[in-house]
Amino acid sequence: MSILKTYLAEVASFLPKHKRDDILNELESSIQEQFDERSGELGRTLNQQEELQQLKRWGHPMKVAGAYLPMQYLIGPSLLPLFWHVLKLAAAVVVAIHLTLWVIGAWIAGDGSLSLWDLATQVLNTLLFVAANVVVVFALLEYSGQKLAWLENWNPSSLLNRARTTVNRSDMVSNLVTEGIFLLWWNGSLALPASFVYKGTEVVSALSPAWQSVFWPVNCILGLAFILHLWLLIHSHWHLWTACADLFLNLAILPVVLYILGSDPLVELHISVAANTESFHLSIEQGVRYALWFILLVILYDLYKQSRNIWQLRLQRVPGN
Amino acid sequence: MSEQEDFDKLRHELRRGAIVLAVLAQLQGEHYGYSLRNTLRDRGIEIDEGTLYPLLRRLEKQGLLSSEWREDAKRRKRYYQISTAGSRVLLPLRDEWQKLNQGIQNILDRGDA
């Protein structure tokens with residue numbers, strides 16, 4: 001096979017089938033013409049080295065093929081700054097979760113249950129997994145943006161009364177990151193450290209069966225909250241309906257948390273050998289309960305904040321205000 | 001980024017639109033890719049192959065050019081020519097270019113005065 005044919009075969013491998021023949025025919029004809037012209041200048045047939053020199057001007061086969069394809073982005077320049085922001089925050093949350101669990105584990109075991117190397121490996125694994133999910137979410141946003149042209153359909157009237165209705169971007173990114181990581185963990189896609197060494201015995205903690213009854217309600221509520229917060233992050237502006245939806249989702253999660261708080265036990269422990277882990281169990285149980293109370297307070301605060309927001313949005317709708 | 005890289009990037013952006021106009025104008029007469037590139041080069045517009053051929057495809061896809069394969073000197077070549085729609089676009093594009101050129105020239109002549 002000639003050098004030219006080999007080069008064209010390389011280009012062809014990067015082209016879609018339906019475009020391939022037509023593009024290659026034209027390329028072959030043009031490159032051959034170039035060879036002939038150079039050959040005419042030199043007064044002899046080109047040797048292999050000279051042919052390679054000519055092909056170098058055309059460039060890497062992938063680059064040549066790529067120029068024929070439409071410009072495509074996984075995450076385009078408009079979304080890239082937001083993508084980095086979310087990615088950095090997600091990384092910080094992942095590190096914080098792992099460090100907290102590591103400190104708890106070390107405190108229980110007394111002598112450090114996990115080496116720093118193991119901790120770093122766990123953090124890296126979780127980071128990679130979370131980063132992959134962030135990429136998927138943003139790639140979908142990019143795709144939907146291209147299809148629905150929501151950046152182009154931006155309405156400047158959203159600038160009116162902006163001071164009162166602007167979405168706090170940091171709040172929204174924090175919500176998205178925590179909801180995203182929680183949903184991944186809740187659905188078993190993301191494994192967080194759950195085993196501890198207590199008095200020389202390995203103890204694996206797991207949620208009690210009481211949580212199973214709220215599996216779908218939590219998925220539905222947090223899934224909807226995730227979509228809503230993603231929408232708000234892009235549109236950066238509260239409407240009455242988005243504020244009401246947010247309020248409704250906070251109200252919906254409230255009974256779920258109260259139901260779980262009323263259950264006993266919240267955590268189950270699995271141990272490989274018989275050992276007295278009662279006090280350990282109590283500590284874990286109490287820790288989870290405190291965490292739930294904290295979540296409850298956050299929900300109540302959000303409800304208060306959102307009610308005020310809705311009130312302000314309603315005032316804006318009244319003529320004369 | 002070095003000064004040279006900055007310049008290359010700006011030069012690339014500056015040339016991008018102008019090249020489309022040059023190609024459309026030159027294709028008021030029929031050309032195949034290679035002859036078009038040579039003609040443009042002889043007239044002072046250098047376009048590398050990797051830019052020219054995909055551009056011809058894009059313009060054809062937009063309906064601004066038409067093309068046909070023909071045998072010439074024992075080689076099959078794809079000949080391009082501006083289409084009716086392309087001719088309609090070329091006129092206002094040429095006016096726009098002249099206005100832009102005039103405006104830039106005025107600014108460059110006056111400098112910061």
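All chains are named by letter (A, B, ...) in the order of the sequence lines, taking the proteins before the strands, and each is independently numbered beginning at 1.
Inter-residue side-chain proximity for B:Arg57 and B:Arg78 is flagged as met; some heavy-atom pair is nearer than 4.5 Å. By the 4.5 Å heavy-atom criterion applied to side chains, B:Gln81 and B:Glu68 are not counted as neighbours.
Heavy atoms of other residues, nucleotides or ligands lying less than 6.0 angstrom from CZ of B:Arg11 number 12 at most.
Residue contact with chain B, scored on non-hydrogen atoms closer than 4.5 Å, is absent for A:Glu28. For A:Leu69, no part lies under 4.5 angstrom from a heavy atom of chain B.
Of the N and O atoms on the side chains of B:Gln105 and B:Asp109, at least one donor lies less than 3.5 Å from an acceptor on the other residue.
Among B:Arg37, B:Lys77, B:Glu49, the residue with the largest count of heavy-atom pairs under 4.5 Å with chain A is B:Glu49. Heavy-atom pairs under 4.5 Å with chain B peak, among A:Asn25, A:Leu27, A:Val64, at A:Asn25. Among A:Gly66, A:Ser29, A:Gly59, A:Pro70, the residue with the largest count of heavy-atom pairs under 4.5 Å with chain B is A:Ser29.
In terms of modelled atom types and a separation under 3.5 Å, the side chain of B:Tyr53 and the main chain of B:Tyr34 share a donor-acceptor contact.
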